[in-house]
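The first residue of the sequence shown is numbered 1, and numbering continues consecutively from there.
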Amino acid sequence: MNEVQSTIELPDLAAMAEFGARIAAQLQPGDVVELRGDLGAGKSTLARAVLAALGHKGDVPSPTFTLIELYDDAAMRMPVAHADFYRLDDAAEVLELGLDDYREGAALLAEWPEKGGGFAHELACLTIELEIAEQGRRAIVSGGKAWQGRMP
């Protein structure tokens, strides 16, 4: 289980973008970033910030209906799979998606990871719990062993 490492206040979109850039700077192939939080907490917004910081120039629609989108632009530092497991009824459905194929050489940004079986048990997992706060959002960040020394 991950230990809480830090709490970060995100009062506006600029703070969310800066936090996404800090995550992107530390991201490596094989890493998993669990994006947890209620509807409207900012999971997709943070994923967009990470992808933009990695060099993605296009749109980043929420993968609620496609379930997984792979971003592998020539300008990006590394490929990233962006998944949204909200619509899954059973965590076993993740196997049918071929998630391991997407993760080959890529990082994974996973929204609603608990519906996909969760990834917090993985050494290379960073868990970000987003909460709606009085002023914007709050991120509670914890990381697996591979994140020690490189927490955003």
Task: Stepwise side-chain contact (heavy atoms from CB on, under 4.5 Å) test for R36 and E114 - done: CA-CA 8 Å; R36 295 176 174 264; E114 62 279 10; 3.3 Å; yes
- [ ] I would like to know whether Y86 and L39 meet side-chain contact (heavy atoms from CB on, under 4.5 Å); could you show each step before the answer?
- [x] CA-CA 10 Å; Y86 183 76; L39 285 171; 4.1 Å; yes
TODO: Take V141 and I8 through the test side-chain contact (heavy atoms from CB on, under 4.5 Å) and record every step on the way to the result.
DONE: CA-CA 8 Å; V141 183; I8 301 165; 3.9 Å; yes
Open item on the list: Applying side-chain contact (heavy atoms from CB on, under 4.5 Å) to I23 and I128, what does each step give before you reach the verdict?
Closed with: CA-CA 10 Å; I23 295 167; I128 301 170; 3.4 Å; yes
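Considering every non-hydrogen atom in both P113 and A110, the closest pair reads CD-O, 3.5 Å. Minimum heavy-atom separation, L130 to A41: O-CB, 3.6 Å. When every heavy atom of L35 is checked against every heavy atom of A47, the shortest pair comes out as CD1-CB, 4.0 Å. In this structure, A107 and M78 approach most closely via the heavy-atom pair CB-CE, 3.5 Å. Taking all atoms of both residues into account, the shortest heavy-atom contact from C125 to W147 is O-CD1, 3.4 Å. Listed here is the closest heavy atom pair of G105 and P79: O-CG, 3.4 Å.
In D38, the CG atom is not crowded: 12 or fewer heavy atoms of neighbouring residues, nucleotides or ligands sit closer than 6.0 Å. The number of heavy atoms from other shown groups lying within 6.0 Å of CD (E134) does not exceed 12. Remark: L13 CG is loosely packed, at most 12 non-hydrogen atoms of other residues, nucleotides or ligands lying under 6.0 Å away.
With rounding to the nearest 0.5 angstrom, the CG atom of L109 is 13.0 Å from the NZ atom of K43.
Residue L54 is grouped with residue M151 when hydrophobic side chains (ILVMFWY) are merged at heavy-atom distances under 4.5 angstrom, including chains of intermediate members.
Here A53 pairs with A21, A24 under the side-chain contact (heavy atoms from CB on, under 4.5 Å) rule; sequence neighbours left out. Remark: A83 pairs with I68, F85, L108 by the side-chain contact (heavy atoms from CB on, under 4.5 Å) rule, at least two apart or across chains.
For the side-chain contact (heavy atoms from CB on, under 4.5 Å) test with L51, the passing option among D59, L46, V60 is V60; the others fail.
Ring-plane geometry between Y71 and H82 is classed as tilted, the angle between the planes lying from 30 to 60 degrees on a 0 to 90 degree scale.
For the pair E34 (side chain) and G118 (backbone), a donor-acceptor distance under 3.5 Å is absent. In this structure, R150 contributes its side chain and Q26 its backbone to a donor-acceptor pair below 3.5 Å. Judged by distance alone, with hydrogens and angles left aside, the side-chain atoms of E129 form no donor-acceptor pair with the main-chain N or O of R138 at under 3.5 Å.
A 4.5 Å side-chain heavy-atom check between K115 and R87 finds every atom pair outside the cut-off.
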